[in-house]
Amino acid sequence: MCRQSATVCLFKSPSRQQRELTDVAARLAALPDPRERRGRRHALASVVLAAACAVLAGARSYLAIGQWARHAPQDTLARLGFRAGGSLGVRRPASSSTLRRVLMLVCPGGLADLLGHHPAGAQAVAVDSKSARGSRTDTSAAAHLLSAVTAGRTVSQLRVPDKTNEIAAFTSLLSPFDLAGTVVTADALHTQREHAKWLVEVKKAHYLLVVKGNQPTLHAAIKSLPWKEVTARRYDRQRGHGRRETRSVRTLTVTGLHLDFPHVVQAVKILRHRTDIKTGKVTRQTVYAITDMTARQASPQLIGRLARSQWGIEAVHHVRDTTFAEDASKIRTGHGPENMATLRNLAINTLRDAGYRSITAGLREVSYAPFTRPLDLLQLA
């Protein structure tokens with residue numbers, strides 16, 4: 001059964017071989033078609049690829065996706081795999097209603113896995129969540145999506161069931177992937193003993209987990225450590241986004257202190273000083289964390305880099321909010337909210353792989369050739 005826990009779906013998670021296929025169309029062939037066999041005109045892969053190309057060209061809604069498909073020329077439809085029909089061999093795209101119906105019904109867990117960035121060889125994978133606020137209705141909460149991100153690219157995501165929280169979805173999100181030797185970072189909500197055991201003992205991975213007040217005993221024990229005497233420290237300075245920031249990272253081996261947390265080896269204290277360049281206002285933040293990595297495996301410099309990768313997941317969510325207007329989207333029914341979020345993630349991944357540092361600039365450039373550039377970026381023959 002699919003690991004997508006929001007609804008029952010009779011589809012196994014894609015295999016590693018299926019996820020690692022370079023051809024996007026071949027990957028999508030692993031998805032089961034949710035439509036009735038009778039009356040199908042278009043292959044599922046063609047419909048999903050059309051939606052993906054439309055989003056990559058700037059479409060934000062079902063209506064915009066349908067308009068893109070309706071105006072696509074014949075050579076574009078051929079590259080997408082739409083069949084030629086009639087005596088003249090004219091290719092007809094999927095209608096707006098078909099595109100909407102497929103995105104509402106197709107398996108969200110399988111689609112996210114097949115269109116995500118595979119984490120093979122990644123140094124770190126960050127886990128965090130985001131709500132699609134516009135998907136809220138009078139009777140149901142907004143779709144809450146738990147994502148895994150590496151190097152600014154989304155690996156996969158799952159919708160958290162309405163009657164549970166994201167803690168229960170943590171292992172389901174990461175279970176299909178080979179994480180041996182990879183550092184998994186997460187915020188304080190996921191600083192759970194069972195998560196730490198699962199990562200180290202089952203997935204053979206490492207962890208770097210933030211510690212806050214939801215673990216009061218552990219937080220108090222780490223806060224009371226002799227941080228002023230610590231010599232293993234690293235200072236970093238950065239300027240950008242209208243502010244200057246100084247970060248101090250201190251690490252301390254705690255194996256002999258009997259902290260009540262599985263496999264913990266080092267404690268971390270991160271001090272962040274931010275100065276607003278325009279107003280001169282100074283803010284100070286202290287963050288504590290724990291890791292199973294030894295001082296030899298993880299220096300203060302590496303710990304600081306891993307911590308920034310966790311904070312970097314917010315940049316992906318920010319792009320989806322500002323560039324794709326995800327929070328303003330009124331897509332609410334079926335699997336629509338999570339599948340549209342997956343297509344936005346694919347667009348971000350594709351543009352980053354193509355070398356675009358600004359997703360806004362990348363989308364603008366793609367929009368100049370909306371029926372060829374998206375297909376070229378997705379390497380559709």
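Numbers here are sequence positions counted from 1.
Each salt bridge (charged side-chain N to carboxylate O under 4.0 Å, His left out) pair with one or both residues in residues 91-101, not counting sequence neighbours, would appear here, but there are none. Within the structure, salt bridge (charged side-chain N to carboxylate O under 4.0 Å, His left out) contacts touching residues 281-293 (residues at least two apart or in different chains) do not occur.
Not counting sequence neighbours, the partners of Ile167 by the side-chain contact (heavy atoms from CB on, under 4.5 Å) test are Asn165, Leu189, Gln192, His195. Residues passing the salt bridge (Lys or Arg N to Asp or Glu O under 4.0 Å) test with Arg193 are Asp260, sequence neighbours excluded. Under the rule for a side-chain contact (heavy atoms from CB on, under 4.5 Å), the partners of Thr322 that lie at least two apart in sequence or sit in another chain are His318. Residues passing the side-chain contact (heavy atoms from CB on, under 4.5 Å) test with Arg357, sequence neighbours excluded: none.
Residues His71 and Pro370 form no side-chain contact, since every pair of their non-hydrogen atoms from C-beta on lies 4.5 Å or further apart.
Closest heavy-atom contact between Val48 and Leu111: CG1-CD1, 3.9 Å. Between Arg136 and Arg332, the shortest heavy-atom contact is O-NE, 3.5 Å.
The environment of CZ in Arg41 is sparse: at most 12 heavy-atom neighbours from other residues, nucleotides or ligands sit within 6.0 Å.
Both Leu378 and Tyr356 belong to a common hydrophobic cluster when Ile, Leu, Val, Met, Phe, Trp and Tyr are linked at side-chain heavy-atom distances under 4.5 angstrom.
Taking the charged nitrogens against the carboxylate oxygens, Asp353 and Arg153 do have a contact shorter than 4.0 Å, which makes a salt bridge.
Formation of a donor-acceptor pair under 3.5 Å by the Ser329 side chain with backbone atoms of Glu326 is not found in this model.
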